2 protein chains.
Amino acid sequence: MSVKIKDVAKRAGVSTTTVSRVLNGEKYVREELKDRVNQAIEDLGYAPSHIARSLVRNKTNLLGVIVPDLTSSFYSTILSSIEQTAASNHYNLLVCNISEDIDKEFKYLNIFKEMRVEGIIIMHEKINEDIRNFIEKLKIPVIFSSVKPMDQSFVSVIVDDYAAAYDATTYLIGLGHKQIAFIGGDMRDMTSGQNRYSGYRNALADHGIKFVHELVRFGDYKVNSGYALMGEFLRYKHKPTAVFAVSDDMAIGAVNCIIDHGLKVPEDISVVGFDGSQMTELVRPRITSMEQPIQRMGEVTVETLLQFIAGEKRTAEDIILGHRLAVRDSCRPL
Amino acid sequence: MSVKIKDVAKRAGVSTTTVSRVLNGEKYVREELKDRVNQAIEDLGYAPSHIARSLVRNKTNLLGVIVPDLTSSFYSTILSSIEQTAASNHYNLLVCNISEDIDKEFKYLNIFKEMRVEGIIIMHEKINEDIRNFIEKLKIPVIFSSVKPMDQSFVSVIVDDYAAAYDATTYLIGLGHKQIAFIGGDMRDMTSGQNRYSGYRNALADHGIKFVHELVRFGDYKVNSGYALMGEFLRYKHKPTAVFAVSDDMAIGAVNCIIDHGLKVPEDISVVGFDGSQMTELVRPRITSMEQPIQRMGEVTVETLLQFIAGEKRTAEDIILGHRLAVRDSCRPL
DNA sequence: GTGAAAGCGCTAACAG
DNA sequence: CTGTTAGCGCTTTCAC
C-alpha cells in the first residue's frame, strides 16, 4: 500500500531506527546519513503514519469538539478560533455536531473515547446524569466553552452571565426605558438561562422598576423563537418600549418581527442582544449587543484544556472572561 | 493506563480473540461466553482503541475537510450537512480551517496524509501547481464541494454556475431592469468567478442589453467587499437600477450600503444574491437569491467521496446539482 | 553514532 | 466454537 519507514530505510541503506531518528529530529545521526534519509523520504514521498505513532507513543494529538449547531454564527466563530489555537499547538480537531440530540452525544463521546482524543470541548450545557457519569469515568480532560452545565464538577470558560445581563438591562434603564421585555433562554441552562434571567430581574429591582410577568418569555436562542415571542409582546395594549434578548439570533428575530409589524427599531422599540456575533453588524439597524469575547473564548478554551492535558493545572474553577456592551443602532433614549 | 482487550479477556476468562469476536459482532461465539465478555466490557468500561484497529485494518474511517472560512454561513452550513452524512456512514471528520492561507493548506494536507484519512473534501478552488501535484501523489480520493478548481482532473459537486448566473440575470431583465450592475468574485476562480461572470454577460447579450464596463466590479465574496463595491456604483450619476452579487454575503453588503446611503431596497435598487444562505431570510428586506442546494450538496459530496473510497466509482465527471431562484423581497419590477 | 529486537492494542489466518 | 501466533508501522531500550 503506502510507503512505510522500512522502505525509506532500505532505500537509504540504514536501519528503521535511524530513519525514525531523523524523523524525530534527534541528534546523534551523522550528517551524511541524515541527508541520505531525507533524500529517500523525498523520493518516496513518505509521511510517517500518525496511527502507528499514536499507538506507540500513546498520544494522539487529537481534540474532540461537540458543537450543538454548526450553522450558528456564534458557535462556528468559536469553533474557528478553537481550530486555530489547536492547530498552532499541533492539535487536530475531531468535530461533531449533535443537533440537540442527546443520544448523538453519547455516541460521539464514545467515539472520542475509542479515538483516544486527549481532550474534549463541549459547547452545550444539556448534560444529563448518564452523560455526566460517562464523562467522569472517561478520565479524559473535558472543558465547557461558552456554557456552564449545572454540574459543578466541570470547568467552563464563560463570561459572567449574571453581570452581563444585569449590565445590558441597566443600559436600557439608563436610556429611560421602564417597560423592558425579556426574551430569555432555556431555564434548564445555568448560564444562558438562569443567570441571564436573574441579571435582568435584579437590574430591574435595583433600579426600582416593577417586574412584570407578562413581559417575560423564554425561547430556544434561535431566530424563530425570538420572532414568535416578540409577536406575543406586540399583541399587548401596552407594548414594551425595549426588549432584551439573551442571544443575538433571538434579538434579530425580535427586530424582524417588529419591522414586519410596521414598527421601527429603535424609534418604536429598542432591542439589545447578547453574544456579539457578527450578524449584529450585518443587519439594519445594527444591533446593540452584550458581547462575549468569542475569539478569546476559543483561545482560552484550548489553552486551558491543553494545560489540563499536560497535567499542569488542576483547578476546578471556571474561567471568567470580560463582557462588554457593543453599542450600535438598535436602542434609543426614551 | 486505559483498559485494553487483554484485561477484558482476562476478566472474562477467554482469549483476546474471543473478545475481539464479540466486539466485531461475529457469530461463532457461545452465548454464555458472549455474555461474560460483554459483562467484563461493561465492568471495566472498555472501549476498543480505534488507533490499534486502524493500524491493523488499514482503515481509519476518517475524512479530512478543508474549509476556507468556518465563520461563513455558507460553508458552515455545508459542513454541517457533511458532518451529518459522514456520521451516519460511520465516518468522522477532521476539520481544518485555512483562512485563505495557502501554506496552511499544505500543512493540513500533510497532516491528512499522516493521519491516513480515507478521503479529502476541499471547499475552495485556489489550488496551485504544488498543491495539485501533492494531491495527485497522495493517492487519497479528493472531492471538491461547491467549487471547481481550474484543474480538470478533479471532481466537483457544484451547481451549473454559468446557468445559475444566467438565470439570475435574466430574472432581473424580466423585471424590466436594464442597468444591471454585477458584483463578481475572483476571476481566478472557475465556478464562482468566471462562470458566473459569463452567465451575467451572456444573459445581457441574449436579451439585447448593452454591456457596460463600469457596472462590473469584482470582490472577494465577503460582506465588506460587497459594501465597498456598491459604494462605487452609488457614486455614478446614472446609478444601476439592479445589482446581481455572486454571493449572499456581498449582496448583504450591497444592500447595507444602499440603505446607509439613504436609498431603499428594492424601491430604488433591486438586489439579487447567490448561494441561498440562511442570512437571506434574516435580513430586512429578505434577499432574493440564486440558491444552491446546500444541504444536498453536503450529502452528495460525502456519498460520492465514499463511493470513490470504496472504489465503486471512477468517473472524473463533475456532479451538477440543480439551482433555483428563491424570490424574496429585494427586487421589484421596473 | 547505529542497529536488533521488543512491543504499543488490536485483528486475522490457522489450527484444533 | 475457541485459542495461538503473527503481524499492522512505528518508537525505544539496549547493546555494539
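Just so it is clear: chains get the letters A, B, ... in the order the sequence lines come, proteins before strands, and each one is counted from 1. Since the structure is predicted, the reported quantities are computational estimates derived from the model, not experimental observations.
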Give the angle between the helix axes at the two ends of the helix from C:dG1-D:dC16 to C:dG16-D:dC1, taking five base pairs at each end and rounding to 10°. 40°

Nearest-Å distance, [atom1] ([X]) to [atom2] ([N])?
X       : N      : atom1 : atom2 : value
A:His50 : C:dC8  : NE2   : C1'   : 14 Å
B:Asn61 : C:dC10 : CG    : P     : 16 Å
B:Lys59 : C:dC10 : NZ    : C1'   : 16 Å
B:Ile51 : D:dC8  : CD1   : C1'   : 13 Å
A:Glu31 : C:dT2  : CD    : C1'   : 15 Å
A:Leu55 : C:dT11 : CG    : P     : 12 Å

Output every pair passing ring pair (Phe, Tyr, Trp, His ring centres under 6.0 Å) with a member in residues 97-143 of chain B, not counting sequence neighbours, ordered by first then second residue.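 For residues 97-143 of chain B, and leaving out neighbouring residues, the ring pair (Phe, Tyr, Trp, His ring centres under 6.0 Å) pairs sorted by first residue read B:Phe106-B:Phe134.
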
Applying a 4.0 Å non-hydrogen cut-off, can you work out what B:Leu33 is touching in the nucleic acid: base, sugar-phosphate, or nothing? sugar-phosphate

Heavy-atom distance under 4.5 Å between the side chains of A:Ser20 and A:Pro48, does that happen here?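 Not in contact.
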
List every contact pair, protein side and nucleotides 10-12 of chain D side both N or O, where the distance is under 3.5 Å.
| from | atom 1 | to | atom 2 | distance (Å) |
| --- | --- | --- | --- | --- |
| D:dC10 | OP1 | A:Tyr46 | OH | 2.5 |
| D:dC10 | OP1 | A:Ser49 | N | 3.0 |
| D:dC10 | OP2 | A:Ile5 | N | 2.3 |
| D:dT11 | OP1 | A:Asn24 | ND2 | 3.4 |
| D:dT11 | OP1 | A:Arg53 | NE | 2.6 |
| D:dT11 | OP1 | A:Arg53 | NH2 | 3.2 |
| D:dT11 | OP2 | A:Ser20 | OG | 2.9 |
| D:dT12 | O4 | A:Thr17 | OG1 | 3.2 |

Less than 4.0 angstrom from a charged side-chain N to a carboxylate O is my criterion; do B:Asp186 and B:Arg188 meet it?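 A salt bridge links B:Asp186 with B:Arg188.
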
Within the structure, does a side-chain N or O atom of A:Ser15 lie under 4.0 Å from either OP1 or OP2 of C:dT2?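 No.
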
